[in-house]
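Have a look at the structure below, then the notes.
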Amino acid sequence: MTANTPVVTRFAPSPTGALHVGGARTALYNWAYARRHGGRFILRLEDTDQKRSTAESTRGILRDLAWLGIDWDEGPDANADNWDDGANQRGANGPYFQSQRLKIYDEYFDKLIAAGLTKKEDNGALRFMNPKRSIAVRDEVLPTATIGPLAQEDFIIRKADGFPTYHFAVVVDDATMGVTHVIRGQEHHSNTPKHIALQDALGLPRPIYAHIPLILNQDNSKMSKRDKAKTARDEVQKWICNGGSIDELAERMVANEEKARQLYPTMQSPSVTASEIVDFLTKKSADFTQNDVEVIPGMMARELGFHLPEIEVNDFRWNGYLPESLCNYLALLGWNPGNNLERFDTDDLKEEFSLDRVGKSAAKFDREKLAAFNADRIAGLRPEVFRQKLWEVCFRGRGIANQFQNDPNGPRFVAFAEAYQSRSKTLSDTVEQGRFFFLDADAIAYDDKAVDKVLAKNDGQGFGVLEGLRAVFAELPDDGFGHAAHEAIKAYSEQHELGMGKVAQPVRVAVSGSTVSPPIDQTLDILGKAETLARIDRCLQLRTATS
RNA sequence: GUCCCCAUCGUCUAGCCUGGCCUAGGACAUCACCCUUUCACGGUGAAGACACGGGUUCAAAUCCCGUUGGGGAUACCA
């Protein structure tokens, strides 16, 4: 490899599931490295596992990469949904699905057979008879590792079904596609001697390797999509202990299947039965199917209202993370620009990224820090952009848009977005926090402690304030109600020589059910006059109940 | 078991290659205070780390060896 050879990197996911954050980071680094050096970035699908590979997974992966802002120079067209026989693929080194490159592999199998370096197994599989020479693995991140002959082994390179194994396909493809730099997870570091042995036997060039650190869970376990299934099981068990029934859950999941399908494009089974749920709850985690791991937990979380740990890019997307926050956070997980700069854009990354600043040790995925990055980004969004994103992510499919007259540009939704922009860690967090806005007046759940402290205490002083204010509010105009009400509250507090807290809090509790809401003028603007009065009336009824 | 890799605040990390400028810097989280009609936002500040043991050196977070701990690989998965 000469100094002026153009850089070619690749991301080579296997389409056996959704795009994982670890994969996303690998893609990001490969992409950034190619961009930084004016080279090419290839996307290749490693679908040599015929049983587990699906076109749905491929679609999901392409969509998630595109969402992150990662584009590729060669590979399948992201907007197509069928890539059979080389269709809808771009680039001179295709096809970009390994299942479509069988003829190429056969050529290389023949070379090895001719060289006497293979052994045929009974069922037709082919084993590479490793010459077992001492091999030095050079790496841009890790120190050179030398593997002696004793540590090397023969391994299968062609499966009984005629497909190549990963080790063989990766070597042939990287070479035939002209890949110069292989940036991949450290789980592949120990595989590299196998790849080098194959390159040597085949007379192929060695790419430059860079093995990047693993991403771990808080408890040091490898971050796994099974974590979602485990959480779902625990939550469902809890729900059943509290009197929930499996039949009911199944019924609800089936009823909302269409919505789930939008969220989980890899979803396979058409509907969920009670017995499938029982099966899911009791089977060994090693037996989880793709559906168990990616779809069922999501549907359960939706129905029962619990929170799942985000593992896949798709999860972050639907839970209201911005792609730029995820990229920013992921970029920093294992790499840093060398100064104290932490918040930067993907554009900066492609100017700055370098392998010599990639760390060696595994990193734990810190959701809190990601959330802080996301909150920062959300706060920095132009208000109209935030409003539009909020509407898309949270309201579509959640059935609450009608609370805002289905109008993303109406004054009440504008007020809602404004109130929550600096209060939201994620877009969906906004909906959680602002849930009370979407309820009917008689569905508000009043927090006992709040009612007691703010309204009932001191012989119902708060109720008295509320009653007085109710009369004043009734005279105010619909237009600019929140502002006018706020002025009225101030006037009332001066007139009765009460602190603002003594006056505003009763209103807050009356309309929200708790002591927490955005500033009172904004809160009332979002609600509007009629709804505010309705809620105050409803709240006033509590007076007799508590006295 | 065997082979390979890793080791700085709770977490992500800067510093290590080219020993002294390190009384170890930043970010997230935590705590306190300020702002304030609640919750946030914002501001100020505090607490918090060189895994351990040996070397080498005038001097070690930085170099060497060992111990311990962690991770990965050891599939007709990738």
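These numbers come from a predicted model, not from an experiment. Order of the sequence lines fixes the chain letters, A, B, ..., with proteins taken first and strands second; residue numbering starts at 1 for each chain.
- Among the protein residues, A/Gly334 comes within range of the sugar-phosphate backbone only, with heavy atoms under 4.0 Å from sugar or phosphate atoms but none that close to a base.
- Screening residues 124-149 of chain A for ring-ring contact (aromatic ring centres under 6.0 Å, His included), with sequence neighbours left out, gives A/Phe128-A/Phe155.
- Across all strands shown, B/rC28 is found opposite B/rG10 as a Watson-Crick or G-U wobble partner, with both distances under 3.5 Å.
- Not a single side chain to side chain contact (heavy atoms under 4.5 Å, CB included) links A/Asp122 to another residue, sequence neighbours left out.
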- Item | Protein proximity profile, nucleotides 36-43 of chain B - base contact B, sugar-phosphate-only contact S, no contact -, cut-off 4.0 Å on heavy atoms | -BBBBS--
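- Partners of A/His188 by ring-ring contact (aromatic ring centres under 6.0 Å, His included), not counting sequence neighbours, listed by chain and number: A/Tyr166.
- When the nearest nucleotides of RNA chain B are assigned to A/Arg357 and A/Ala151 by heavy-atom distance, the more 5′-ward of the two goes with A/Ala151.
- Considering only side-chain N and O atoms, A/Asn336 lies under 4.0 angstrom from the phosphate OP1 or OP2 of B/rA14.
- When both pairing distances are held under 3.5 Å, B/rG1 makes a Watson-Crick or G-U pair with B/rU74.
- Nucleotides B/rC12 and B/rC34 have their C1' atoms positioned 29 Å apart, rounded to a whole Å.
- Annotation: A/Tyr420 is in aromatic contact with A/Phe416 [ring centroid separation under 6.0 Å].
- Between A/Arg508 and A/Gln505, the side chains place a donor N or O and an acceptor N or O closer than 3.5 Å (distance only, hydrogens not considered).
- Applying the Watson-Crick and G-U wobble criteria (two distances, each under 3.5 Å), B/rA40 pairs with nothing in any strand.
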- Let me have a per-nucleotide readout for nucleotides 62-76 of chain B, 5' to 3', with B, S or -, counting only protein heavy atoms under 4.0 Å. ---------SBSS-B
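- Of the residues listed (A/Thr426, A/Asn374, A/Leu326), the one engaging A/Phe316 in a side-chain contact (heavy atoms from CB on, under 4.5 Å) is A/Leu326, and it is the only one.
- The same atom, C1', is picked in B/rG72 and in B/rU8; the two are 23 Å apart, to the nearest Å.
- Just one residue in the list A/His189, A/His167, A/His211 forms a ring pair (Phe, Tyr, Trp, His ring centres under 6.0 Å) with A/His195, and that residue is A/His167.
- Each of A/Phe373 and A/Ala363 was matched to the nucleotide of RNA chain B holding its nearest heavy atom; the match closer to the 5' end belongs to A/Ala363.
- Across all strands, A/Thr48 comes closer than 4.0 Å only to sugar-phosphate atoms, never to a base (heavy-atom distances).
- Nucleotides B/rC9 and B/rU62 place their P atoms 14 Å apart, quoted to the nearest Å.
- Considering only residues two or more places apart in sequence or on other chains, A/Met500 meets the side chain to side chain contact (heavy atoms under 4.5 Å, CB included) condition with A/His486, A/Ile489, A/Lys490, A/Ser493.
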- Item | Verdict with supporting geometry, A/Gln50 and A/Asp161, side chain to side chain donor-acceptor pair (under 3.5 Å) | CA-CA 9 Å; A/Gln50 294 196 72; A/Asp161 65 5; 2.9 Å; yes
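- Nucleic acid contact for A/Glu46: sugar-phosphate only, since backbone atoms but no base atoms lie under 4.0 Å from a heavy atom of the residue.
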